[in-house]
Amino acid sequence: MTYYAGLDVSLKEVSICIIDDDGEVVAQGTAPADPEGVAGWLKNRSLAPKRIVHESGQLSIWLQRGMVELYLPAICIDARKAHKSLSARLNKSDSADAEGLEQLARMNWFTPVHIRSEESDRLRALVGGRERLIRLRKDLEGHIRGVLKTFGIRLTGIGQAQQRQGFRDQLAAAGETDPVLRTIADGFIAAHITLCNATADFDRALKAKSKATRSRAA
């Protein structure tokens, strides 16, 4: 007998439904929301589905990689297209969605999504983290400029990385003119240093990864 599985994934648990070739439900239940939990649930019931489908979502990339590593025939499918089929069902629940997904698996009626490599996601995380830190630093600089203009203090621009210390020096000087501005300056200078140092760490990590990639390609 051939079996098909549908997984409806939430942050804490996975609703699992198994059907056979005739579309009859063989087993239903929940497992922890991790690859080992799904594998253990299937093993305890001596079930080896031909195809396991789950929708794209927050945990889908991690879950897909883990299930493949455990030799489970998992496929991540397009959640938007799957939703069109699942929304037609009268009963909307996690278990009902899991049953709907395994029906899609049985009929082979789904659109797989591409799962990026773990190395690619590491690079994306570094690039995204660096971008967010730079944005936070610029927001901080823009905010303090606006605050100080209220008191007639205008800070010069930052055209290069070397000028960031000059920006902090100007901010420290502004703090000497007023106790409240001194409190603001001390807090913002510390935050600005932290953001600049963190961004520099990301820069070094990206350069090292780029160099390692070029070495492997050579």
Side-chain angles (χ1 to χ4, degrees), residues 1-129 132 205-206 208-210 212-213 215-217:
M1 180 69 70
T2 303
Y3 300 110
Y4 303 88
L7 311 181
D8 188 73
V9 183
S10 65
L11 291 177
K12 292 186 178 180
E13 65 180 19
V14 178
S15 292
I16 306 175
C17 186
I18 310 292
I19 61 171
D20 58 22
D21 279 326
D22 298 324
E24 297 296 325
V25 176
V26 175
Q28 283 182 302
T30 59
D34 57 66
E36 291 78 11
V38 174
W41 190 93
L42 294 171
K43 183 177 180 180
N44 290 339
R45 290 159 180 78
S46 300
L47 293 170
K50 176 182 178 181
R51 192 177 297 126
I52 302 172
V53 301
H54 61 104
E55 295 178 275
S56 54
Q58 290 180 312
L59 296 177
S60 59
I61 294 177
W62 168 72
L63 192 63
Q64 174 68 18
R65 289 176 184 148
M67 288 193 290
V68 170
E69 288 177 0
L70 294 173
Y71 302 102
L72 295 177
I75 302 173
C76 183
I77 68 175
D78 191 321
R80 293 170 298 179
K81 294 184 178 180
H83 176 72
K84 295 179 181 179
S85 299
L86 298 178
S87 61
R89 300 174 65 86
L90 296 178
N91 182 16
K92 285 295 294 177
S93 65
D94 291 346
S95 59
D97 283 349
E99 183 178 350
L101 287 169
E102 39 81 11
Q103 293 289 357
L104 296 181
R106 181 175 68 91
M107 295 182 290
N108 203 27
W109 190 26
F110 54 80
T111 302
V113 298
H114 172 69
I115 300 297
R116 298 182 300 270
S117 69
E118 193 167 348
E119 188 67 16
S120 174
D121 272 341
R122 286 195 180 94
L123 180 59
R124 286 168 62 92
L126 279 175
V127 172
R132 179 55 60 90
L206 283 167
K209 184 165 285 293
S210 176
T213 301
S215 297
R216 287 195 298 268

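Just the heavy atoms: all of them, side chains too, but no hydrogens, waters or symmetry mates, feed the values below.
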Do the side chains of W41 and P32 get nearer than 4.5 Å, heavy atoms only?
no

Show your working on side-chain contact (heavy atoms from CB on, under 4.5 Å) between R122 and L126 and close with a plain yes or no.
CA-CA 6 Å; R122 286 195 180 94; L126 279 175; 5.9 Å; no

side-chain contact (heavy atoms from CB on, under 4.5 Å) between E55 and D8, intermediate numbers included
CA-CA 7 Å; E55 295 178 275; D8 188 73; 3.9 Å; yes

Are any of the side-chain heavy atoms of P112 and I77 separated by less than 4.5 Å?
no

S10 and L59 have their tightest heavy-atom pair at O-CD1, 3.7 Å

Could you tell me the separation between the CD atom of Q28 and the CD1 atom of I19, rounded to the nearest 0.5 Å?
10.5 Å

How far apart are the C-alpha atoms of L206 and L123, what are their side-chain angles, what is the distance that settles it, and do they pass the side-chain contact (heavy atoms from CB on, under 4.5 Å) test?
CA-CA 8 Å; L206 283 167; L123 180 59; 3.7 Å; yes

Report the residues that fulfil salt bridge (charged side-chain N to carboxylate O under 4.0 Å, His left out) with R45, sequence neighbours left out, ordered by chain and then residue number.
none

So, does S56 use its side chain to make a donor-acceptor pair with the main chain of A79 at under 3.5 Å?
yes

Non-hydrogen side-chain atoms of L7 and M67 separated by less than 4.5 Å
yes

Output the distance between atom CD (E24) and atom CE (M1), rounded to the nearest 0.5 Å.
10.0 Å

Please test I18 against L42 for side-chain contact (heavy atoms from CB on, under 4.5 Å), starting from the C-alpha separation and ending with a verdict.
CA-CA 9 Å; I18 310 292; L42 294 171; 3.8 Å; yes

Rounded to the nearest 0.5 Å, what separates atom CD1 in I16 from atom OG1 in T30?
7.5 Å

Taking all heavy atoms of D34 and all of L63, pick out the closest pair and write down the distance.
C-CD1, 3.7 Å

Between R65 and S117, is there a donor-acceptor pair closer than 3.5 Å when you use the side chain of the first and the backbone of the second?
yes

Residue pair Y4 / L104, side-chain heavy-atom distance below 4.5 Å:
no

More than 12 foreign heavy atoms under 6.0 Å from CD of E36: is that the case here?
yes

What distance do E119 atom CD and R124 atom CZ have between them, rounded to the nearest 0.5 Å?
13.5 Å

